[in-house]
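Small disclaimer: the values here were computed from a predicted structure and weren't measured.
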Amino acid sequence: MKKYLMKGFAALTTGLAMISCTQEINYEVQEQQASIDNAQQTLGFYIPANQDWVMTSTANATFSVKGIDDTSDTVYVFSNNPIADGYGEVLASAPLTGASTSISNFRIPQHLKMVYVGLKESDGNMVYKYVDVEDGQITASYDFSATPAEARTRANAVINGDPFTFENTSTYYKSTLADVPSNARDINATSDWDCLQSGKLFAIRDIRSDLNLWSGSVDIYIYGNVTLPSSAYIASANIYVLSGSTLTMNKQANNVCRVFVAPNATLNYNLSALETNGGSGHSAIYNRGTVHLPANFQANNDAIVYNEGSVTGGYITSAPGSNNPSFFYNFGTLELSGDLQLNSCANFYNEGTVTVGGITQCTQGNAQVWWINKGHYTTRRFGIMAGNGTFYNYCQLFIQEDASLHDGQLNLMPNGYMEAATAEFGNFQINMHGNTGMNIKGNNHWIAQSDSYYQGFKAYADNNYVRLGGTTYVDQHHNTLVAEGKLYIGFNNLYAPNSDNPYDGPYIDLRENVKKVQFSKLNPTYSATDCGANWGGSTPPISETPTENQTWTYAFEDNKTRCDFDLNDVVIQVKQNSSNANKLDVTLVAAGCEYDNYVYLGDQRITWAIGAEVHAAFGTVSRIMVNTGRGMDATPVTTTIDKPANFDFQNADFKIRPFKFGANPDDLTQSVVSDYIGIVKEGNPSGLPQAPLGIAIPAKWKWPKERTNVTNAYEGFAAWGTSTDLSLKANAGGWYQYPSSGLIYGN
């Protein structure tokens, strides 16, 4: 890299020699030329004359706020992503002054095209916005008066448009022998009934195998323990299982068959499907006793299961045609060892207790599948992946393992509570209608989604709670996780990493009226007899975002003409004191120098608790490198000093001066340089190329390890340093955020 510079250096040397022949050389000019020569040779690039090594500009911010007027609130501009990082680095702040609040003329990193701003409410809750920076102007609008309208509901079922028609089943069941008509005939008595069109039959023993009721509709009464063999043929019938009786069905009616199971009666339904094949009406099971379904059962075209007793089974799949919907009503208990699969035009309603040993899932439907829970529903896994928004939970939904929620919506209706071990969300929205809660106990992943799709939580009334345990992973995409409306949300651990593309953000957006609360205080309790959950009161304690004033790093080389440009000879970090705006906290973080070095602000020599010389301040002796990967490690030391009037971090007069070992710093003849080494001022007033012997970085910067050139530790440094076009230079000004692995101290 150095070879291509030799021609340029030869020209510089020749020019210097010509000057020496005609006039006396000023020592300071020689030193400056030697300094720039050394810098260009070591850094590997030419330094343009207008390079002032500045990474900031000035900005103004305006906040417009509706719906609140509390002068105890505060507005902020941050340099980082406080949601992802867990704390905010404050570039500027001001108390809220009413409908409009302005902050003027503060420093902002040049490379930022968008920034996070925040409004801290009087209760400590922070509401963030991610807004553009346009020509140094930042504008943010808040509206706390806006909230989504209350959804329309109807008491009979759940919401307008649902397909459920609730029946009065009391007259359906026949319970005793007294309910059997006197003219009913024994189904096995003669063959006269083979062509029966209509009539009343009864069975007190197994039905004969050659039964052939090929047309019409009959009423069949079951008393005792009766089996309907697979070879029998019934075109259409109402079958009544009387109390104390058991019917084992091994044959499906070809057209319409309705089975009514009385209390204390049992139906062993050993058929693979319940469906209507021709005819009018529905094939149905109405149960007030006990129904045992087979290991694999399908509720298909025009099928109804209406359970007010107990149903057990294995796997239930329902995928009727779009014009032939199926319905499953549960008011009793339903226990499945396998899955409940709802597709096409299948509908499920629960007011009782459901236990699903596998997955409850909808993989297709496009708003034709309705799932409504107004009882207690437990499933091992739960999945919505159908572009479906007609899933409603009014009571308790417990998911023992994973919830896979994609391309749809789940409606938590008043008093609805959902709990899952883990969850994955993609193109998914949770609507919360007041006094609702969602509790994901473990990890949850929010997958990047289309910009046009709302993903996250939307509250339509008061007192809604979201508890996200484990780690919440939020993909790098615009609005991957959004919360809107009046709800409380708590995160155990939030992982929403920053992206190189500012327009991806915000990945997580907690909007007005959303309160971020302490996760440890958000612990729901519930019972098996009630709906919903108790969240310990309507106002959980707020999880306040820690804020701190923006930290600046000042990094120095202490030799003007023989620098290695690791920029760690003296490194200090400075911020405004948190309790006194007229003070500065100055922290010494590294001393990679061998000379004795002192730090100054203007004419003031800065002294830490045990010394002013940087090695002594760390409690060691000269020549020992501190916090550079060589020598020794030590805890940074901080002192608080007065902040000068009209202080500007970018153009602050921080500087160092190296001295011979053991020299008195008041004796400037013992200094190893002709003058202080300071920061190049904004605009570079001298107009001459200047070496970056001291740079001001608007961040908590991680400096290179000893003997590691800054251009190696930060690959973007050269592109920034060589930019003569100030607009391009500004775009490259965030180089300090992207270190090379293993080459900086502390990574």
Side-chain angles (χ1 to χ4, degrees), residues 143-164 166 347-351 354 360 362 367 369-377 382 384 387-399 403 405 407-420 423 425 427-440 444 453-468 481-490 509-517 522 524-527 530-540:
D143 189 352
F144 289 87
S145 60
T147 186
E150 180 61 59
R152 295 175 299 167
T153 63
R154 65 186 172 96
N156 185 33
V158 176
I159 195 167
N160 286 338
D162 77 65
F164 296 99
F166 298 91
N347 304 282
F348 186 95
Y349 182 90
N350 175 56
E351 278 193 24
V354 177
T360 299
C362 173
V369 175
W370 287 74
W371 179 94
I372 296 173
N373 176 46
K374 297 181 77 173
H376 297 81
Y377 195 108
F382 189 79
I384 303 176
N388 196 287
T390 50
F391 274 54
Y392 296 85
N393 179 47
Y394 262 94
C395 195
Q396 291 180 349
L397 169 61
F398 294 97
I399 303 163
L405 306 174
D407 303 310
Q409 298 182 28
L410 175 66
N411 299 282
L412 293 178
M413 303 305 285
N415 298 314
Y417 174 73
M418 170 184 164
E419 178 178 295
F425 300 84
N427 283 351
F428 203 83
Q429 179 176 324
I430 300 93
N431 301 312
M432 311 182 79
H433 292 270
N435 297 313
T436 68
M438 175 175 281
N439 179 15
I440 309 300
N444 53 103
Y453 201 95
Y454 188 103
Q455 175 157 294
F457 303 93
K458 185 173 287 189
Y460 292 86
D462 294 342
N463 297 333
N464 303 281
Y465 305 87
V466 178
R467 183 179 187 270
L468 299 178
L481 171 55
V482 181
E484 179 179 291
K486 295 182 178 180
L487 63 89
Y488 301 95
I489 187 167
D509 188 1
L510 308 181
R511 297 177 179 174
E512 293 92 327
N513 299 307
V514 175
K515 303 286 188 179
K516 184 171 177 283
V517 298
L522 202 60
T525 58
Y526 44 80
S527 71
D530 298 324
C531 285
N534 184 347
W535 293 85
S538 60
T539 54

Where is the tightest heavy-atom contact between G375 and C395, given as atom of each residue plus distance? O-CB, 2.8 Å

Strictly distance-based, threshold 3.5 Å: is any side-chain N or O of N411 a donor or acceptor partner for the main-chain N or O of G389? yes

Out of curiosity, L405 CG to N427 CG, how far, rounded to the nearest 0.5 Å? 12.0 Å

Under 3.5 Å, is there a donor-acceptor pair linking the side chains of N431 and Q429? yes

Nearest 0.5 Å, what's the NZ-CG distance between K458 and L487? 12.0 Å

Taking the side chain as every heavy atom from C-beta outward, state whether D162 and T390 have any pair of such atoms under 4.5 Å apart. no

Quick check on side chain to side chain contact (heavy atoms under 4.5 Å, CB included): which of Q409, M418, M438 does I430 satisfy it with? M438

What I'd like to find out is whether the side chain of F457 reaches to under 4.5 Å of the side chain of N464, using heavy atoms alone. no

Applying the ring-ring contact (aromatic ring centres under 6.0 Å, His included) criterion to Y392, which one of W370, Y377, F348 satisfies it? W370

Spatial distance of atom CD (E484) from atom CD (E512) [nearest 0.5 Å]: 8.5 Å

For the residue pair Y453 and D407, establish whether any side-chain heavy-atom pair is separated by less than 4.5 Å. no

Considering the options D530, N534, N439, T436, which one meets the side chain to side chain donor-acceptor pair (under 3.5 Å) requirement together with Y417? N439

Indicate the atoms forming the closest heavy-atom contact of A461 with G434, along with that distance. CB-CA, 3.8 Å

Only one of Y394, F391, F164 clears ring-ring contact (aromatic ring centres under 6.0 Å, His included) with Y349; which? F164

Parallel, tilted or perpendicular: which describes the rings of Y526 and F398, with under 30° parallel and over 60° perpendicular? tilted

Determine the minimum heavy-atom distance between H433 and P414, stating which atoms define it. O-CG, 3.6 Å

Taking every non-hydrogen atom, the tightest pair across V514 and G485: CG2-O, 3.4 Å

Should T360 and W371 be marked as a side-chain contact (heavy atoms from CB on, under 4.5 Å) after you check the CA-CA gap, both sets of side-chain angles, and the distance that decides it? CA-CA 10 Å; T360 299; W371 179 94; 4.1 Å; yes

Applying ring pair (Phe, Tyr, Trp, His ring centres under 6.0 Å) to Y465 and not counting sequence neighbours gives Y488, W535

When every non-hydrogen atom of G437 is compared with those of L412, the smallest separation belongs to O-CD1, 3.6 Å

Rounded distance (nearest 0.5 Å) linking atom CG of N393 with atom SG of C531: 8.5 Å

Would you confirm whether E351, through its side chain, and K374, through its main-chain N or O, come within 3.5 Å as a donor-acceptor pair? no

Whether E419 side chain and Q396 backbone form a donor-acceptor pair below 3.5 Å: no

Take N513 and F144, measure what side-chain contact (heavy atoms from CB on, under 4.5 Å) needs, and give me the verdict at the end. CA-CA 6 Å; N513 299 307; F144 289 87; 4.1 Å; yes

Search all heavy atoms of N388 against all heavy atoms of C362 and return the closest pair with its distance. ND2-SG, 4.3 Å

Mind checking what makes salt bridge (Lys or Arg N to Asp or Glu O under 4.0 Å) contact with K515, not counting sequence neighbours? E121, D123

Taken to the nearest 0.5 Å, the spacing of N444 CG from L468 CG works out to 4.5 Å

